[in-house]
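One structure is given here, and the rest of the page talks about it.
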There are 2 protein chains.
Amino acid sequence: MPKKVDHAARREEIVQAALRLCARDGLAGVTIGQVAQEAGVSKGLVQHYFAGKADLLRASAQILREEIERHVREAVRDARGPADTLRRVLFAIVELGVTAVVPLLAGHAFLSMAVADPEIRALYRAGGDAVHREITALLAASGAAPDVDPGAEAHALLGLARGLADGVLLGEFGVDDAAAIVDHHLRRILPGVAAGPGTPSSPPVSE
Amino acid sequence: MPKKVDHAARREEIVQAALRLCARDGLAGVTIGQVAQEAGVSKGLVQHYFAGKADLLRASAQILREEIERHVREAVRDARGPADTLRRVLFAIVELGVTAVVPLLAGHAFLSMAVADPEIRALYRAGGDAVHREITALLAASGAAPDVDPGAEAHALLGLARGLADGVLLGEFGVDDAAAIVDHHLRRILPGVAAGPGTPSSPPVSE
DNA sequence: TTTTTGACGATACGAACGTATTGTGATTTC
DNA sequence: GAAATCACAATACGTTCGTATCGTCAAAAA
């Protein structure tokens, strides 16, 4: 039998190349040949690991989701209490505009596919719902003001964070401006919870 | 001399076909041939009106922006006072998720192009900045609470609206839920301004 | 009426696409 | 050590892309 390789790892290498291309040139720039070149392998190898282009894109969307999830989960790792966790989650999402431009851009490119492809759409929905549930729970555990409905407020916060991430991505404002906006809203929702001691982001940079 | 036709109108017809394809299949599905077929004209005619594919895409992004701007401007037409206008602007943006799925999806597809193509990027920035200025002005004129910075709050509201539009687009919640969220935030920002008498959207639908 | 001009269609062509096919080593099992 | 197996490269093939070119017809100007 032949050399034993980590099938999943090899697939991920190729997918990462695909995501890079997707962020640089859009979904249109993702071709088997380009992906192979970007990954530094032969075109044949891409075929060896993926049944076809659709398979490649499907896997890319999947890993894209995991990538963002990992990013958020990492930002939350050593958070103190639900309020701090919530803050870090939202910051992490906003920071995608600069920290993880590739996944974010690729995500946008995939969004149009999500409408046509039910499998990718399900992936989007699952991801969004998971974050929403998480934020709802954090909100409920953070001692929110009595007039806030955790479910609705979670939709608001998630929407706000996503919208701000796009603003950061397009350079309309900086991460720190976005972070300040998030903090401002959190302070309104969570009375008595001051801004967390450690800002996960880098020191302020003038726009 | 030959038959005189409205050059701009013919270009727009073709662009509309391109945008439809873009929303249905993503940017990858926009080919000269497909656009021609969708528009019901020959491939040669598309060439006749556009110097090349890049020209077509550029024009599409331009018209896309005008389309959304028209949509918002129409929603604002018979608004009463700055607070009501602001509310209608935000509602219009949120409603893009159902009313103008084509422009919204196409916009997402173009977003990745905006990073690479400086011309399209400038278009995005100009559009975003214009809306931001508008919202800032409306906010200042609406008698906002003393602790709100109109500029920052405008970024927040615009971000919120954009994020909610995506949520609506993906079916995470309904337009009415999103509208309620917007209203809730507006009430906090603009004390003393009750919800406008006429909700532009349809009656509540359970998710 | 003749000429001219541009709208528009049909076709041609090279490049690049996705995929199918084949070939070649290296490595593990027997 | 022979045989089987899989990672991986190379090539070939049919399709579709964007674009260039040519042809045609109608209408305005002469």
Side-chain angles (χ1 to χ4, degrees), chain A residues 1-61 106 109-110 112-113 116-117 119-120, chain B residues 1-61 106 109-110 112-113 116-117 119-120:
Chain A
M1 287 184 181
K3 166 170 53 173
K4 198 191 138 205
V5 300
D6 188 340
H7 209 79
R10 218 91 177 92
R11 274 174 70 98
E12 171 136 6
E13 276 179 42
I14 296 174
V15 160
Q16 290 295 346
L19 291 180
R20 248 174 286 137
L21 284 177
C22 187
R24 179 174 350 124
D25 312 319
L27 253 181
V30 180
T31 70
I32 304 285
Q34 292 288 327
V35 169
Q37 188 176 336
E38 174 76 21
V41 299
S42 78
K43 205 169 142 187
L45 195 66
V46 178
Q47 294 185 262
H48 185 68
Y49 283 101
F50 297 94
K53 193 179 182 182
D55 185 25
L56 204 178
L57 292 179
R58 227 71 79 82
S60 298
F110 274 113
S112 44
M113 269 188 73
D117 189 326
E119 200 161 326
I120 293 187
Chain B
M1 288 187 183
K3 162 172 56 172
K4 199 190 142 212
V5 301
D6 188 339
H7 210 78
R10 219 89 176 94
R11 275 176 69 98
E12 171 135 6
E13 276 179 41
I14 295 174
V15 160
Q16 291 294 348
L19 291 180
R20 248 173 288 136
L21 284 177
C22 188
R24 182 181 339 130
D25 311 320
L27 254 181
V30 180
T31 71
I32 304 285
Q34 290 289 324
V35 169
Q37 189 178 338
E38 174 75 23
V41 298
S42 77
K43 205 168 142 188
L45 195 66
V46 178
Q47 295 185 262
H48 184 70
Y49 283 102
F50 297 93
K53 193 181 182 180
D55 186 25
L56 174 64
L57 292 179
R58 227 71 79 84
S60 299
F110 273 113
S112 45
M113 270 189 72
D117 189 326
E119 200 161 327
I120 293 187

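This is a predicted model, so every value here is computed, not measured. Residue numbering restarts at 1 for every chain, and letters A, B, ... go by the order of the sequence lines.
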Quick check: do A:Y49 and A:V5 have side-chain heavy atoms less than 4.5 Å from each other?
yes
Only pairs at least two apart or in different chains count here, so list each salt bridge (charged side-chain N to carboxylate O under 4.0 Å, His left out) that has a residue in residues 21-31 of chain B.
B:R24-B:E38
Quickly work out the A:R10 CZ to D:dA7 C1' distance and round it to whole Å.
9 Å
Need to verify one output field. Residue with the more 5' nearest nucleotide on DNA chain C, A:G44 or B:H7?
B:H7
Report the distance from atom CG of B:L45 to atom C1' of C:dT11, rounded to the nearest whole Å.
16 Å
Between C:dC8 (P) and B:I14 (CD1): distance, integer Å:
8 Å
Let me know the distance between OH of A:Y49 and C1' of D:dA9, rounded to the nearest Å.
13 Å
Closest to side chain of B:K43, choosing from D:dC8, C:dG18, C:dA12
C:dA12
From C:dC8, D:dA7, C:dT21, nucleotide with atom closest to A:Q47 side chain:
C:dT21
Looking at the side chain of A:K53, which of D:dA7, C:dC8, C:dT19 is the nearest nucleotide?
C:dT19
Using whole Å, what does the distance between atom P of nucleotide C:dC17 and atom CG of A:L21 come to?
11 Å
Looking at B:K53 and B:V30, would you say the former's side chain and the latter's main chain have a donor-acceptor pair under 3.5 Å?
yes
Please tell me if the side chains of B:L27 and A:L27 come closer than 4.5 Å, counting only heavy atoms from C-beta onward.
no
B:T31, nearest nucleotide to its side chain (from D:dT19, D:dC17, C:dG6):
D:dC17
Once you round it to whole Å, what is the distance between P of D:dT11 and NE2 of A:H48?
19 Å
Protein-nucleotide distance (A:Q34, atom CD; C:dA15, atom P), rounded to Å
16 Å
Specify the separation, in whole Å, of atom CZ of B:F50 and atom P of C:dA7.
13 Å
